Q: 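Got a structure for you, written out below as structure tokens; questions coming shortly.
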There are 2 protein chains.
Amino acid sequence: MPPIKVKMLDSENGKGAAKAARKPRPRAQTRIQREKQDVILEAALDVFSREGFRGATIDQIAEAAGMSKPNLLYYFPRKEEIYKRLMTSMLDVWLTPLRELDSVGDPVPEIRSYIRRKLEMSRDFPRQSRLFANEMLQGAPRILDVLEGDLKQLVDEKAGVLEGWMQQGKIVRTDPYHLIFSIWATTQHYADFDVQVRAVLGKDRGGEGRFEDAARFLENLFMRGVFPHKD
Amino acid sequence: MPPIKVKMLDSENGKGAAKAARKPRPRAQTRIQREKQDVILEAALDVFSREGFRGATIDQIAEAAGMSKPNLLYYFPRKEEIYKRLMTSMLDVWLTPLRELDSVGDPVPEIRSYIRRKLEMSRDFPRQSRLFANEMLQGAPRILDVLEGDLKQLVDEKAGVLEGWMQQGKIVRTDPYHLIFSIWATTQHYADFDVQVRAVLGKDRGGEGRFEDAARFLENLFMRGVFPHKD
DNA sequence: CAGAAATTTGACCAGTTGGAAAAAACGTTA
DNA sequence: TAACGTTTTTTCCAACTGGTCAAATTTCTG
């Protein structure tokens, strides 16, 4: 009955999707459908990223989206659908910076701008970062297959790129996987642990400028640490 | 009625604690009380670190602790008590490595061993790390005062130590706060994002050796990045 | 061992939760 | 405007939630 078909990263259940409608015309999405779905996803991002999957309630999401619970359930027949949709779309965006790491480019600006872009994502999409972190903390029960599949593959490839640069002597010889981890960790920290960062920096230094400072610091850390130095 | 008095980092509610017992003898803790409380806290750490405060249920904790819900509630009359106890004791342990950073020592081994100890904590107490991370993701509603108080104070002090070293030219001149953040981020990553790390490293490299590799990598990153280099 | 204190259990409760069903309201288009 | 598909609201429910309470059981102490 629900007119929304969601592409999901399902792995186990293949039963709920049956129940063929009498009029099998899916009939393309309405304008309202698209709009409301966006509103819901936006609200859900807020709630899920704070409370995690179990901690979030449909009521909270519905209220944040400015609609009644049954109305919300009309668009996403179950809580998990919302979460999955958020997850997949987030993962896609989230990995774009790494995908753009180009073996053809020069290592220094390539790595530098990768770090910068990742930091910008923490600044501009902190909730997505937290959503992801929340899933990780829970042991990634819903996206483990993605991690072991697409993500591993992408990282393997980029680790290869880094290793190539190392062999050419363009960057210091080190573990490419842990290098990637450290970039993830340091940049995402500013989204996931934002409260702590701001609390420690205090009112004066905890403003928007903290991202500038972080960028400067990280660039320094990685450049001096990762690249051969001759001074 | 409940014989357990918990030291908590309360900030607002000062009402529930009243209700003076008729026999005001607190009567010291029983052996059973100590044992069971430990069992409960252990179980609660498991559940809270995975599900967060809201996501965790007393039933889950009780089952993990091998006792009935009312029995558990006999020792900790409310869910929040358990959480607070975990939080305070965890925070204390968690900051020990930073407290030990000694201004008198030599910067290189001091910072190096700080990183090592933090990484060891991620390896040996990953659930504590995740518990903390979970609280951060939620905006630290229950420990914000600690962050802005004790934690900030400690970090301010240690940032001062780092700055001293910088002025002596013993370490590279950089932002001491973000340096501390980056050590936190990179080391805690191996606890909080453990699933991801293992998924990406794969079966062959994802074993226990990953902490060795991480230690080697991080040492390299920070030493070469933070300290003046003359080769 | 008796009695008291400590511990455990079972039954229970009110509020919340995810979700179903159906009817009502709305919008569109022939 | 009538008919039909879409959207929204109302009502409802069973399972789960945090927590209470009194009774039953176990453990300790004199």
Side-chain angles (χ1 to χ4, degrees), chain A residues 1-6 13 15-17 19 21-40 43-44 47-48 51-84 142, chain B residues 1-6 13 15-16 19 21-40 43-44 47-48 51-85 142:
Chain A
M1 215 64 69
I4 298 100
K5 280 274 161 64
V6 177
N13 69 340
K15 54 179 178 177
K19 190 194 262 190
R22 223 169 286 173
K23 294 209 169 184
R25 198 74 55 81
R27 241 181 182 237
Q29 284 202 335
T30 311
R31 170 187 52 90
I32 295 184
Q33 279 177 11
R34 252 170 291 130
E35 285 175 8
K36 295 270 166 143
Q37 280 185 40
D38 285 350
V39 174
I40 292 170
V47 181
F48 279 133
E51 309 281 3
F53 181 75
R54 280 228 52 202
T57 73
I58 301 183
D59 287 285
Q60 282 177 84
I61 299 171
E63 199 199 326
M67 63 181 75
S68 66
K69 179 169 62 170
N71 195 187
L72 182 150
L73 285 168
Y74 170 72
Y75 292 101
F76 291 88
R78 34 207 75 243
K79 189 181 169 185
E80 243 194 298
E81 304 293 322
I82 316 176
Y83 190 79
K84 281 178 180 170
R142 292 160 232 272
Chain B
M1 216 65 70
I4 299 99
K5 280 274 160 62
V6 177
N13 68 341
K15 52 176 180 177
K19 188 195 261 188
R22 221 169 290 170
K23 293 208 172 185
R25 198 72 56 77
R27 249 193 172 225
Q29 284 202 336
T30 312
R31 170 187 52 90
I32 295 185
Q33 278 177 13
R34 252 170 291 130
E35 285 175 7
K36 295 272 164 139
Q37 280 186 39
D38 285 350
V39 173
I40 292 171
V47 181
F48 279 133
E51 310 280 3
F53 181 75
R54 279 226 54 203
T57 73
I58 300 184
D59 286 285
Q60 282 176 83
I61 299 171
E63 199 199 325
M67 63 181 74
S68 67
K69 179 169 61 170
N71 195 185
L72 182 150
L73 285 167
Y74 170 72
Y75 292 101
F76 291 89
R78 31 210 77 240
K79 190 182 170 184
E80 244 193 296
E81 303 294 322
I82 316 176
Y83 190 79
K84 281 177 179 169
R85 264 279 280 273
R142 290 160 235 271

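Everything quoted here is computed from the prediction, not taken from an experiment. In what follows, chains are A, B, ... by sequence order, proteins preceding strands, each numbered from 1.
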Q: Could you tell me the separation between the CD1 atom of A/I82 and the C1' atom of C/dG18, rounded to a whole number of Å?
A: 11 Å

Q: Does B/R78 place a side-chain N or O at less than 4.0 Å from the phosphate oxygens OP1/OP2 of D/dG18?
A: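 Answer no for this pair, as no side-chain N or O of B/R78 is under 4.0 Å from OP1 or OP2.
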
Q: When you measure from the side chain of B/D59, which nucleotide among C/dG18, D/dT7, D/dG18 comes out closest?
A: D/dG18

Q: Can you find a pair of side-chain heavy atoms, one from A/Y74 and one from A/K36, that are under 4.5 Å apart?
A: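 No - every pair of side-chain heavy atoms lies 4.5 Å or more apart.
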
Q: Taking the minimum atom-to-atom distance to the side chain of B/P70, which one of D/dT20, C/dG18, D/dT17 wins?
A: D/dT20

Q: Please report the distance, rounded to the nearest Å, between CD in B/Q33 and C1' in C/dT8.
A: 13 Å

Q: Can you measure from NZ (A/K69) to CG (A/N71) and round to the nearest 0.5 angstrom?
A: 13.0 Å

Q: In the structure I gave you, are the side-chain heavy atoms of B/K79 and B/F48 within less than 4.5 Å of one another anywhere?
A: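 Counting from C-beta outward, B/K79 and B/F48 do come under 4.5 Å.
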
Q: Any side-chain N or O of B/S68 less than 4.0 Å from the OP1 or OP2 oxygen of C/dT9?
A: yes

Q: With heavy atoms under 4.0 Å as the rule, sort B/A62 into base, sugar-phosphate or nothing.
A: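 Touches nothing.
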
Q: Rounded off to whole Å, could you give me the CG-to-C1' distance for the A/L73 and C/dA22 pair?
A: 15 Å

Q: Which comes earlier along DNA chain D counting from the 5' end, the contact point of A/N71 or that of A/R54, where each point is its nearest nucleotide?
A: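 Closest to the 5' end, via its nearest nucleotide, is A/N71.
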
Q: Using atom types as modelled, flag every donor-acceptor pair under 3.5 Å from a side chain in residues 58-66 of chain B to any protein atom, sequence neighbours excluded.
A:
residue, atom, partner, partner atom, Å
B/Q60, NE2, B/T57, OG1, 3.2

Q: Take the protein atom OH of A/Y74 and the nucleotide atom C1' of D/dT7, then report the distance between them rounded to whole Å.
A: 5 Å

Q: Once you build an axis from the first five pairs and another from the last five of the helix from C/dC1-D/dG30 to C/dA30-D/dT1, how far apart in angle are they, to 10 degrees?
A: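 End-to-end axis angle for the helix from C/dC1-D/dG30 to C/dA30-D/dT1: 10°, rounded to 10°.
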
Q: Could you state the atom-to-atom distance from OH of B/Y75 to C1' of D/dT20 in whole Å?
A: 18 Å

Q: Within the structure shown, what part of the strands sits under 4.0 Å from B/T57 by heavy-atom distance: base, sugar-phosphate, or nothing?
A: sugar-phosphate

Q: Round to a whole Å and report the spacing from CD1 of A/I58 to P of D/dA15.
A: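 It works out to 17 Å between those atoms.
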
Q: Starting from P on D/dT9, measure out to CE on A/M67 and report it in whole angstrom.
A: 9 Å

Q: Take atom CG of A/L72 and atom P of D/dT8, then tell me their distance rounded to the nearest Å.
A: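 Checked: the CG to P distance equals 11 Å.
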
Q: Angle class for the A/F53/A/Y83 ring planes (parallel below 30°, perpendicular above 60°, tilted otherwise)?
A: perpendicular

Q: What is the distance from atom CG of B/L72 to atom CD of B/Q37, rounded to the nearest 0.5 Å?
A: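 CD of B/Q37 is found 10.0 Å from CG of B/L72.
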
Q: Using a cut-off of 4.0 Å on non-hydrogen atoms, how would the nucleic acid contact of A/K69 be classed: base, sugar-phosphate, or nothing?
A: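 Answer is base: heavy atoms of A/K69 come under 4.0 Å of a base.
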
